[in-house]
Amino acid sequence: MVHPLAYETPTAPAQVFDWLDETAELRAEAGLTRTLRSREAEDGLLDLAGNDYLGLTRHPAVTQAAAEAALRWGGGSTGSRLVTGTTALHTELEEELAGFCGVEAALVFSSGYTANLAALTALTDPDTLIVSDAYNHASLIDGCRLSRADVHRAPHSAPDAVREVLAGRAQRRALVVSDSVFSVDGDAAPLRALSAAARAHGAALLVDDAHGLGVLGPGGTGALAAAGLAGEPDTVATVTLSKSLGSQGGAVLGPRRVIRHLTETARTFIFDTGLAPAAAGAALAALRLLRAEPHRADRTREVARTLAARLTAAGLHACEPDAAVVSVRAPGPEAAVTWAADCRRAGLAVGCFRPPSVPDGISRLRLTARGDLTDTQIADAVRTIAELAPEGARSGC
């Protein structure tokens, strides 16, 4: 039987990538075309699409710290962190980040993506069972694929199902993996129940707290702190520095021996150039601001709840947020793209999530609650989204 997408053997160099055009046409027919859009430094849009949860990306203390770090250390870190890429800023950031989150140690990476790949590949082997939530972020999914472990995809936020899988395992080691806050609907994982399930069967727990740091926990100390799991010997967290901390990069947080192991074995740490000093300096300044102004986390959650409540009152299908992410269901992928584009033309930037980015196949607008939004900006955003809602957005889409 010939595969329906079988292609003829190319006869000339110019034909080698003809198959890309055909797959692009298939994506276009499904309404899944994606394009890059450059933006100016000041584009006049109200931004509810980015992940600047605390509004610190442009804070004077953060930008000044980034500039000073670049002037002092240069534009890049010059190499792998095990060679020349670790500056005093990296060490300072790791120490303060670990102290803020209540863990023994931290290790900074060039991105949250590489931090997740490191944790999943370095903490597993062929004799490991990974139990991963079905709605986990792509970086966790890719880390599972790159690991040599046996991976089981568990139903979303189902601790009992996780417990059942662990009970029947034959592998020597096991690792339960979950986002703390899921990036599509903004719902929080049942971390205490997942921890109990893991502990009942001698498994470790790995939590991606990208959307929890700076938003959840006392003063924004994160989802593990909120769940009473910060600093536990069987629990590891990963975070990004590009959301609440308004910079770039990522980190793994946990027991000191875990961090030592990653330093010596994680390929995305050993063979990657260290995070640029400007990013490290900016993240450190943002972390200090958050420590000094813990109310920023409370305000961000308040903005998210307000957005969701007002959009629901307008008849739209807005999720009940557990952190800073608010999603609004759209009738379909093309309607979601049009809705987002209409909002942009009206001066409001919102995210647009479509398959295959969403695990449940439901297209959405994704809104980011920012702690620095004013009541007037919140009202304007809700009015714009509601007035431009496509047909079917208020039905059972």
Side-chain angles (χ1 to χ4, degrees), residues 51 53 101-103 112-113 115-116 119-120 123 129-144 151-166 174-201 203-218 220-232 234-240 243-244 250-254 297 300-301 304-305 308 319-327 353 357-360 362 364 366 368-369:
N51 294 314
Y53 293 147
C101 295
V103 300
Y113 212 109
N116 275 339
L120 279 159
L123 296 178
L129 171 67
I130 295 177
V131 186
S132 177
D133 191 286
Y135 285 13
N136 276 343
H137 187 263
S139 57
L140 292 177
I141 294 171
D142 286 352
C144 288
V151 181
H152 180 91
R153 186 172 180 264
H156 178 52
S157 291
D160 289 341
V162 171
R163 188 185 295 265
E164 182 178 351
V165 173
L166 291 174
L175 180 67
V176 176
V177 181
S178 179
D179 284 340
S180 64
V181 178
F182 295 91
S183 60
V184 175
D185 271 336
D187 56 316
L191 295 184
R192 291 178 186 172
L194 289 175
S195 175
R199 286 179 173 176
H201 298 283
L205 177 64
L206 172 63
V207 178
D208 180 350
D209 202 21
H211 300 277
L213 178 65
V215 179
L216 299 179
T221 46
L224 291 185
L229 297 173
E232 291 297 303
D234 57 351
T235 304
V236 176
T238 59
V239 297
T240 180
K243 294 181 171 58
S244 289
V252 180
L253 315 172
T300 299
R301 295 195 303 272
R305 291 191 296 267
C319 71
E320 182 68 27
D322 288 327
V325 175
V326 179
S327 73
F353 275 27
S357 298
V358 287
D360 58 6
I362 298 173
R364 299 164 170 82
R366 179 184 180 276
T368 297

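Qualifying salt bridge (Lys or Arg N to Asp or Glu O under 4.0 Å) partners for D234, counting only residues two or more places apart in sequence or in other chains: R199. For T300, the side-chain hydrogen bond (donor to acceptor under 3.5 Å, both in side chains) criterion is met by no residue, not counting sequence neighbours. Under the side-chain hydrogen bond (donor to acceptor under 3.5 Å, both in side chains) criterion, R192 pairs with no residue at all, not counting sequence neighbours. Residues passing the side-chain contact (heavy atoms from CB on, under 4.5 Å) test with T221 are F100, P218, A225, sequence neighbours excluded. R364 pairs by the salt bridge (Lys or Arg N to Asp or Glu O under 4.0 Å) definition with D185, D360, not counting sequence neighbours. With sequence neighbours excluded, the residues satisfying ring pair (Phe, Tyr, Trp, His ring centres under 6.0 Å) with H156 are Y135, F182.
The shortest heavy-atom contact between V176 and A203 is CG2-CB, 4.4 Å. Taking both residues in full, the closest heavy atoms of S180 and A223 are given as CB-CB, 3.5 Å, listed atom of the first, atom of the second, then distance. A pairwise comparison of heavy atoms in L191 and A227 identifies CB-CB, 4.0 Å as the closest pair. The heavy-atom pair separating G214 from S244 by the smallest distance is CA-OG, 3.6 Å. Residues P155 and A161 approach most closely at CD-CB, 3.8 Å, considering heavy atoms. Listed here is the closest heavy atom pair of V326 and A304: CG2-O, 3.6 Å.
V151 has its side chain out of reach of V177: every pair of non-hydrogen atoms, C-beta onward, lies at least 4.5 Å apart. Between I141 and R153, every side-chain heavy-atom pair lies at or beyond the 4.5 Å cut-off. Counting heavy atoms from C-beta outward, L229 and L205 have side chains that approach closer than 4.5 Å. Using a 4.5 Å heavy-atom threshold, the side chains of S327 and V184 count as separate. Residues L129 and V165 have side chains in contact (heavy-atom distance under 4.5 Å, counting atoms from C-beta outward). Taking the side chain as every heavy atom from C-beta outward, P159 and L194 approach each other to under 4.5 Å. Between L166 and V131 there is a side-chain heavy-atom pair separated by less than 4.5 Å.
Atom NE2 of H211 and atom NZ of K243 lie 4.5 Å apart (nearest 0.5 Å). Note that SG of C101 and CG of D209 are 7.5 Å apart. Values are rounded to the nearest 0.5 Å. Here the straight-line distance linking atom CD1 of I130 with atom CG of L140 works out to 9.5 Å at 0.5 Å rounding. Expressed to the nearest 0.5 Å, how far CG of D208 lies from CG of L213 amounts to 11.0 Å.
Formation of a donor-acceptor pair under 3.5 Å by the R301 side chain with backbone atoms of V215 is found in this model.
Each of T240, T238, D179, N116 was checked for a side chain to side chain donor-acceptor pair (under 3.5 Å) with S139, and the lone residue meeting it is N116.
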**OP:** Please test L253 against V239 for side-chain contact (heavy atoms from CB on, under 4.5 Å), starting from the C-alpha separation and ending with a verdict.
**Re:** CA-CA 8 Å; L253 315 172; V239 297; 3.9 Å; yes

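Side-chain contact check for Y113 and H137: no donor-acceptor pair (N or O, by modelled atom type) lies under 3.5 Å.
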